[in-house]
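Structure record follows, encoded as structure tokens.
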Amino acid sequence: MKDFKRYLITAALPYANGPIHIGHLAGVYLPADIYVRYLRAQKRDVKFVSGSDEHGVPITIRAMKEGVTPKEIVDKYHAIIKDSLAQMGVSFDIYSRTSNQIHHKTASDFFINLYDKGLFEEKETEQYYDEKAKTFLADRYIIGTCPVCGNPNAYGDQCERCGSSLSPELLINPRSALSDATPIKKKTKHWYFPLQNYESFLKQWILEEHKEWKNNVYGQCKSWLDNGLQSRAMTRDSNWGIKVPLPDAEGKVLYVWFDAPIGYISATKELTDNWKDYWQSEDSRLIHFIGKDNIVFHCIIFPAMLKAHGDFVLPDNVPANEFLNIEGDKVSTSRNWAVWVDEYLKDFPGCEDVLRYVLCSNAPEAKDNDFTWKDFQDKNNSELASIFGNFVNRTFVLMHKLCGGKVPKLHEDLMDDLDRTLIEEIKNSKSKVENAIEEFKFREALFEVIDLSRKGNKYMQEKEPWKKAASLERLAASEENGSKLEAHSSQQLIDNCLHLCLQLTANLAILINPFLPFTAQKLLHMMKVVDKILDWENAGSIKLLSVGYSLRAPEILFRKIEDKEIEMQVEKLKNGLVRTDTSSQLPDAVNQKSETSNQQPHEINHIKSEIVYDDFAKLDLRVGKIVSADKVAKADKLLKLEIDLGFEKRTIVSGIALHFKAEEIVGKQVVVVANLAPRKMRGIESNGMILMAEDKSGKLHFVNPDDETDAGSVVS
RNA sequence: GGCGGGGUAGCUCAGUUGGUAAGAGCGUCGGAUUCAUAACCCGGAGGUCAGGAGUUCAAUUCUCCUUCCCGCUACCA
């Protein structure tokens, strides 16, 4: 490998139209952070940049729907995302945003550079246009009746009901998803970047010179290159984004995919005046951490842009990860099937490293993986708490009991094979972890760290210093000749054992640091040593803690996670109790953006697909009266209601506690879905559902008869 | 529809330039132990390596077909 002097690590820019979930962390931010922390520990010159991607059509649509400005949307989510990442310990040197002035300038200049060289093609095409909303429409934003199956809410690119591939022309009665206006065709001019001109260069660069890239990345690139590249529009009609810096370009902005990767450059500029060292010097190593949906942009389009510009280095590697599923289903923000990082941080305070551990040890490095809460609990309780945490704990406890709270001496003359083997293992761990990280195999690297603590446990088990301590007591009580001598050597053996266990613990701190930085800090505190000890070159040494140095009492590194806690999370997920109001309806990939057709919103404020009368008739709706209402213990949002249906009384658990006080609603009339399958919530069986109306602000209102009606009356 | 990645123990994943018992962690079962967060340590059980065909002395590993999951893309390879 080339000898690089500098490293520039980028993590995909999260799209600022929603918070981030654990899939983003597992796929992009944690691997990047681990790599960066490792490089820093090696004292290499490294910069770690990222930021919010704040342009693109989905944000404007969302703003329109919520009646706010795009700026308000991105301000809100930029803050949330930045905060979540910071709290999780993702150690960016800078987390910027593409709405910054410096980025506008950088991206415009980049565009002009290519423009002045005559590298763009200008093309005029006809696009669909919504005259009411005064905006051009992507296929996905055009809705109409499917010509194949008659679904009245088919999208302009595909019918979700029958799966037919469509185009807007095929739709019957097409209408705009934004305003219901009938789209018209309108001419528009755009600037295209002829990727085909870079095909032979890219083939050489990737297929020949970067065979070491991961299978999924290399394969995807090969597929694109084999199939031939074509011109791609680099501008869009919109008023949200970076204005095309040309005189005749009113109402046009840079395509979000042109501007977003340039965000890496802008962020670096913002970070340091020496940004050119990282971007324009051949001995700098550029690495992009991304999710698999971004491969083509980071491996084909952006490198072609950089090449066209000419002043920049190209990525040396793009270790894209696959996706993380949740409890067997793929993440979907529209269905609210996700574990949100900001929620996790609230639910599990002080457990940042636990999430880091679980997501890294099960990262989707080679294929899509599954996250389950049970697995989260198991990994924490067995690997972190029982193996790693417990080893450190028993080492410290024994050291305090048997060695007076100080680092005991190592008596080399008494060392045996077990000792020597352990020392060897400590040394080996360093290179094992190192090699794995260099190859972006973070789960394997992390396993090696845990495995070292496993070896520590085994070593201690075989040495049994507590037994030697017991015999020591016996000897002390005895008056026999020679017992003093024996006691002396027993203590020396205890010393050796704990000396090595403590040095091993110091090694664990160094090795775990890139993965679990908060834990490494706790270890430093317990060992009363400074950050300097975490320098990577110290790993493998057994001379990290000085003999006679007194250490603090142990603190529990990882608490056990109870069944109840994960049950709650599973329930939270399944009931969709959280954020049903956020209407984050964009499908999400690790980096959700793109204005390509099949990544557009699933649903935009329109009626659900049509049903027939029989579908409706299946519902048994009844008028009921609330007899009593009680707050459900340990549940923020649940009320347990007794409902009188005339012919019977039944219990219904309803998620309305944030909106109503229990005592206020007793006596109220309600409409109940009486034949809904029973469901247990927090241990209480709920037999039905209360109908509620939700207004714009998210406030709930009871749906009930105009005037007093007999309980049990049928609603139809 | 095309292309790419993947389908290996109950779970999550390694691995095989084709060949001498198919691996790990967790879980499970049994044993030992008590310094420790009812922890640790030892041992056992558990897989016709998605299905089928072919090449070969030999295939989980190569080729072809089928099937399932994921991503990219579109009537074009």
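Here the structure is a predicted model, which means the values were calculated and not measured. A, B, ... follow the sequence lines: proteins, then strands. Residue 1 opens every chain. Below, each value reflects all heavy atoms present in this structure, side chains not excepted, and no hydrogens, waters or symmetry copies.
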*Mind telling me whether A/W205 and A/W213 have parallel, tilted or perpendicular rings, with 30° and 60° as the class edges?*
perpendicular

*Nearest-angstrom distance from the residue atom CD of A/Q220 to C1' of B/rC70*: 11 Å

*Mapping A/W224 and A/L398 to their closest nucleotides on RNA chain B, which lands nearer the 5' end?*
A/L398

*How long is the line joining CG of A/N321 and P of B/rG6, in whole Å?*
14 Å

*Show your working on side-chain hydrogen bond (donor to acceptor under 3.5 Å, both in side chains) between A/E438 and A/Y38 and close with a plain yes or no.*
CA-CA 9 Å; A/E438 297 278 2; A/Y38 162 77; 2.8 Å; yes

*Ring centres of A/Y264 and A/H288 under 6.0 Å apart?*
yes

*asked:* If you take the centroid of each ring, where Trp contributes its six-membered ring, are A/F515 and A/Y357 closer together than 6.0 Å?
replied: no

*asked:* Checking base pairs now: Watson-Crick or wobble, both atom distances under 3.5 Å. What partners B/rG43?
replied: B/rC29

*asked:* With rounding to the closest Å, how many angstrom separate the P atoms on B/rC57 and B/rC49?
replied: 23 Å

_B/rA21 versus B/rC26 - spacing of their C1' atoms, nearest Å_ = 24 Å

*Among B/rC40, B/rG71, B/rU37, find the nucleotide with the atom closest to the side chain of A/K292.*
B/rG71

_Complement of B/rC57, any strand, by Watson-Crick or G-U distances under 3.5 angstrom_ = B/rG19

*Determine the Euclidean distance between corresponding C1' atoms of B/rU33 and B/rA39; express it in Å to zero decimal places.*
11 Å

*What interatomic distance, in whole Å, is found between P of B/rU8 and the corresponding atom of B/rU48?*
12 Å

*Which sits closer to the 5' end of RNA chain B, A/N381 or A/K467, going by the nucleotide each is nearest to?*
A/K467

Under 3.5 Å, which donor-acceptor pairs link side chains of residues 388-399 of chain A to any protein atom two or more places apart or in another chain?
unit_1: A/R394; atom_1: NH1; unit_2: A/N457; atom_2: OD1; d: 2.9
unit_1: A/R394; atom_1: NH2; unit_2: A/Q461; atom_2: OE1; d: 3.3
unit_1: A/T395; atom_1: OG1; unit_2: A/F391; atom_2: O; d: 2.8

_Work out how far the P atom of B/rU60 is from that of B/rU17, and round it to whole angstrom._
15 Å

*Is A/G228 touching bases, backbone alone, or none of the nucleic acid, heavy atoms closer than 4.0 Å?*
nothing

_The side chain of A/D293 is closest to which nucleotide in this list: B/rG71, B/rU37, B/rA36?_
B/rG71

_Test item: side-chain donor near acceptor, A/H525 and A/Q521, under 3.5 Å_ = no

*Under 4.0 Å between a side-chain N/O of A/K458 and OP1 or OP2 of B/rC42, yes or no?*
yes

_Nearest-nucleotide pick for A/F323, side chain only, options being B/rC40, B/rC35, B/rC70_ = B/rC70

_Under 3.5 Å on both distances, the Watson-Crick or G-U partner of B/rG4_ = B/rC70

_Under 4.0 Å, heavy atoms only, any strand: does A/V397 hit a base, just the sugar-phosphate, or nothing?_
sugar-phosphate

_B/rA24: pairing nucleotide in any strand, Watson-Crick or G-U under 3.5 angstrom_ = B/rU12

*When you compare B/rG23 with B/rG46, how far apart are their C1' atoms, in angstrom units rounded to a whole number?*
14 Å

*Please measure how far the P atom in B/rC76 lies from the corresponding atom in B/rG10, and state the result in whole Å.*
47 Å

*Distance only, no hydrogens: is a donor on one side chain within 3.5 Å (strictly under) of an acceptor on the other, for A/N321 and A/K214?*
yes

*Nearest-angstrom distance from the residue atom CE of A/M399 to P of B/rA36*: 14 Å

What does the list of N/O pairs under 3.5 Å between the protein and nucleotides 25-32 of chain B look like, with a distance for each?
unit_1: B/rG25; atom_1: O3'; unit_2: A/R454; atom_2: NH2; d: 3.2
unit_1: B/rG25; atom_1: O2'; unit_2: A/E383; atom_2: OE2; d: 3.0

*Below 4.0 angstrom from OP1 or OP2 of B/rC41, is there any side-chain N or O of A/K455?*
no

*Classify the nucleic acid contact of A/A469 as base, sugar-phosphate or nothing, counting any heavy atom under 4.0 Å across all strands shown.*
nothing

_Can a side-chain donor-acceptor contact be found between A/N435 and A/E439 if the only test is distance below 3.5 angstrom?_
no

*So, A/E562 and A/K564, do they make that salt bridge, N to O below 4.0 Å?*
no

*Assign A/K401 to base, sugar-phosphate, or nothing according to its heavy-atom contacts below 4.0 angstrom with the strands shown.*
sugar-phosphate

